[in-house]
Protein chains: 2
Amino acid sequence: MKSGKRATVHDIAAAAGVSRGTVSRVLNGGYVSAAARAAIERAIREVGYVPNTAARNLVMQRSQAIGFIVLEPHSLFLEDPNIGGIMLGANATLSAADYQMVNLVVDSERDTARITRYLSGGFVDGAIIVSARSHDPIIQVVGGLALPSAFVGHPRDLHPEIPYVGIDNLASAEEITRRLVTTGRRRVGMIAPAVDRDSGADRLIGFRRALGPLFDESLVAEVPLYDFACGAKGMRTLLERDPTIDGVFAGSDAVAAGAMEALREAGRSVPADVGVVGFDDSSWAQRTRPTLSTVHQPAGDIGEHAADLVLRQLRGEDIPQRGLLLPSPIVWRASA
Amino acid sequence: MKSGKRATVHDIAAAAGVSRGTVSRVLNGGYVSAAARAAIERAIREVGYVPNTAARNLVMQRSQAIGFIVLEPHSLFLEDPNIGGIMLGANATLSAADYQMVNLVVDSERDTARITRYLSGGFVDGAIIVSARSHDPIIQVVGGLALPSAFVGHPRDLHPEIPYVGIDNLASAEEITRRLVTTGRRRVGMIAPAVDRDSGADRLIGFRRALGPLFDESLVAEVPLYDFACGAKGMRTLLERDPTIDGVFAGSDAVAAGAMEALREAGRSVPADVGVVGFDDSSWAQRTRPTLSTVHQPAGDIGEHAADLVLRQLRGEDIPQRGLLLPSPIVWRASA
DNA sequence: GTCAAATGTGTGAACGTGCACACACTAGGA
DNA sequence: TCCTAGTGTGTGCACGTTCACACATTTGAC
């Protein structure tokens, strides 16, 4: 696979005139004289030595890899603007710590079996789990294995020993909805995607809380997915239920874009007739006309923190607080 | 890390009443009696034995990992609708063959140094390289190492022994541009992103070829990136150079969306005043108003084929043809 | 001058696997 | 009977590393 042979500890021990043990000690810390250390470091530099991962992993009983488990269909993996950013953030932190990130997208039943085997096979030392739902079998495996891991998001009532990182969906939803009310909107509805997921459920609760006495059950349109089509469909439902609707909180930017499309079809203008706000601050938000007021999700930071949470468990540190909620500031643009 | 100890070949050899060697043989093929095989397979199933990757990798002198190298800034990694699909396709094929995909995003100079070390360190057995440019140092490293690899895209005049997979940018660009001409457009321009990349350059050549005598150098606006902002800027440039322009081929869907935005600002209607076509068939294409006619890129297939190309080299098969061009059908929608 | 602690260094064993080799048994032909 | 080929099986070694242990040298206190 390579030109010649890879250099080993033996080679550089010979080159530096010391033994394997001493080389190992300069690599991993321990008592080494200044002279020996200098000679060894010089030899390492000259030969271009890199320790063999497989040998190290074998003796250390670890894999030096972290699984990045996405419990979503492949298509959604692509659509969701956040997952990519989270992945990149996690990857950056992990590779800086010399860990390798292994992507595991769990879509079909077959995937579940494969990944379960993979996880129990000691192929990874830890896991970052995205889009977890309580009932998922993968979660049970991770919990049972006591694999150092972190959730992205906040799955309720499940494995309370596993830390999580996310944003305060509830508070942010409440805050952005309140803006609709304070700017005079009186018939405010919500297009609520994925209420079976903690993020979706929390956004709905925040919305309800912001509205208080103004809340009207009939002005909530639940839709399955965080996407454009669901947004358009949800908006049409709301318009049908109450044509006097003058404000909408969409559960995501893609949903908001769909809603604006439906409003345009219905001849309503945004924000004059209806105020619209979204969630995510994804690339959608700046492409809609008018541009979208929304909640900014710090995807990269979330990924970095999730990775950090796993790394800290691996180092044996204990995690002070179970949950970590990152700031998700509101970005005011033109749609409300 | 796990409850108790992982089972090893010894354990299941003992359980089945045979020796390590025989167990190894049922795992890797060889002469084994039916009785022994049955006993061993039963033991494996009962104990839930999974071979230790590190030990196997150590003795086999390989890492069982393939690098997925993206030579782009992180931001572009997220923006580019194709990369995600390619990644998913490659990941699926690789993990089906029990290989692990390691994401390596090369952005800064520091990344280059780290990845170079990583590649030469034997951490990966092969590489899939996306968005290669001829001058990139990483390419030199891969070439020098003779690492089994495949390009996504078609970098010209560089390492002719490395196979590639992609689409025929030239032919597709020519075909979709021709449509503008046959539907009566006479002043047809192009917003040409990333002409320093093979994909960008080929699309420009295809455009020129389709136009033939109608081609006008002044109606080509070169822009650096495949994104919305560049599309808007490019369109404004074209409108300025020739207000009678009636057709535009945008180098990507994001660029086309930006162009349509600029056209709207300038009070032109699409497709009545100006016909617009894009490239990629990304999620942009169905979000524009009107929806975009574009070239469909089979991103998942490209990833699968690239992975397959690497796997075949690893198996020692020789690759019959150097380049593999996948079909990229045109999708006709409303914008032209 | 002796002992103990601190500082360095070398050596053997172990991690779990695959592979080459030695060996055992059977069957069939000369 | 002997040899050869085919079919099975067990054993030793190697892969490259880390770690525990044994040992050597220096330092400093009593």
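Note that this is a predicted model, so its numbers are computed, not measured. In the text below, chain A, chain B and the rest are named by the order of the sequence lines, each starting its count at 1.
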Nearest-nucleotide check on DNA chain D, A:V9 vs A:R25; residue mapping nearer the 5' end is A:V9
5′-ward residue of the pair B:G17/A:A55 relative to DNA chain D: B:G17
Verdict with supporting geometry, A:N57 and A:S63, side-chain hydrogen bond (donor to acceptor under 3.5 Å, both in side chains): CA-CA 6 Å; A:N57 290 350; A:S63 67; over 6 Å; no
Nearest non-hydrogen partners of B:A127 and B:I69, listed with the distance: CB-CD1, 3.9 Å
What is the distance, rounded to the nearest whole Å, between atom [atom1] of [X] and atom [atom2] of [N]?
X      : N      : atom1 : atom2 : answer
A:Q64  : C:dC15 : CD    : P     : 20 Å
A:R56  : D:dC19 : CZ    : P     : 9 Å
B:Q61  : C:dG18 : CD    : P     : 14 Å
B:F123 : D:dG16 : CZ    : C1'   : 13 Å
A:M60  : C:dA14 : CE    : P     : 18 Å
B:I12  : D:dG10 : CD1   : C1'   : 15 Å
B:L58  : C:dA14 : CG    : P     : 17 Å
A:H10  : C:dG12 : NE2   : P     : 11 Å

Computed from five pairs at either end and rounded to 10 degrees, the angle between the axes of the helix from C:dG1-D:dC30 to C:dA30-D:dT1 is 60°
For B:A7 and A:G21, take the nucleotide of DNA chain C holding the closest heavy atom to each; which residue's nucleotide lies nearer the 5' end?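 The residue closer to the strand's 5' end, by nearest nucleotide, is A:G21.
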If only atom types and distance count, is the side chain of [X] paired as donor or acceptor with the main-chain N or O of [Y] below 3.5 Å?
X      : Y      : value
B:S24  : B:R20  : no
A:S120 : A:T116 : yes
B:R322 : B:E161 : no

Minimum side-chain heavy-atom gap B:I302-B:Q297 below 4.5 Å: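 In contact.
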Taking the side chain as every heavy atom from C-beta outward, state whether A:F68 and A:V130 have any pair of such atoms under 4.5 Å apart.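 Yes; the side chains approach each other to less than 4.5 Å.
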If you compare every side-chain N and O of [X] against the phosphate oxygens of [N] (OP1, OP2), does one of them come in below 4.0 Å?
X     : N      : answer
B:Y31 : D:dG8  : no
B:T22 : D:dG10 : yes
A:S19 : C:dT11 : no

From the options C:dG16, D:dC13, D:dG10, select the nucleotide whose nearest atom is closest to the side chain of B:R20.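 Nearest listed nucleotide: D:dC13.
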Between the side chains of B:R45 and B:E41, is the shortest nitrogen-to-carboxylate-oxygen separation below 4.0 Å, so that they form an ion pair? no
Between B:D308 and B:T93, does any side-chain donor sit less than 3.5 Å from a side-chain acceptor? no
Which one of A:I128, A:L71, A:V70, A:L119 satisfies the side chain to side chain contact (heavy atoms under 4.5 Å, CB included) criterion with A:L104?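 Looking at A:I128, A:L71, A:V70, A:L119, the match for A:L104 under the side chain to side chain contact (heavy atoms under 4.5 Å, CB included) is A:L119.
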Sorted by number, the residues of residues 33-54 of chain A with heavy-atom contact under 4.0 Å to DNA chain D: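 Contacting residues: A:Y49, A:P51, A:N52.
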Would you mind classifying the nucleic acid contact of A:N57 as base, sugar-phosphate or nothing, using non-hydrogen atoms under 4.0 angstrom? nothing
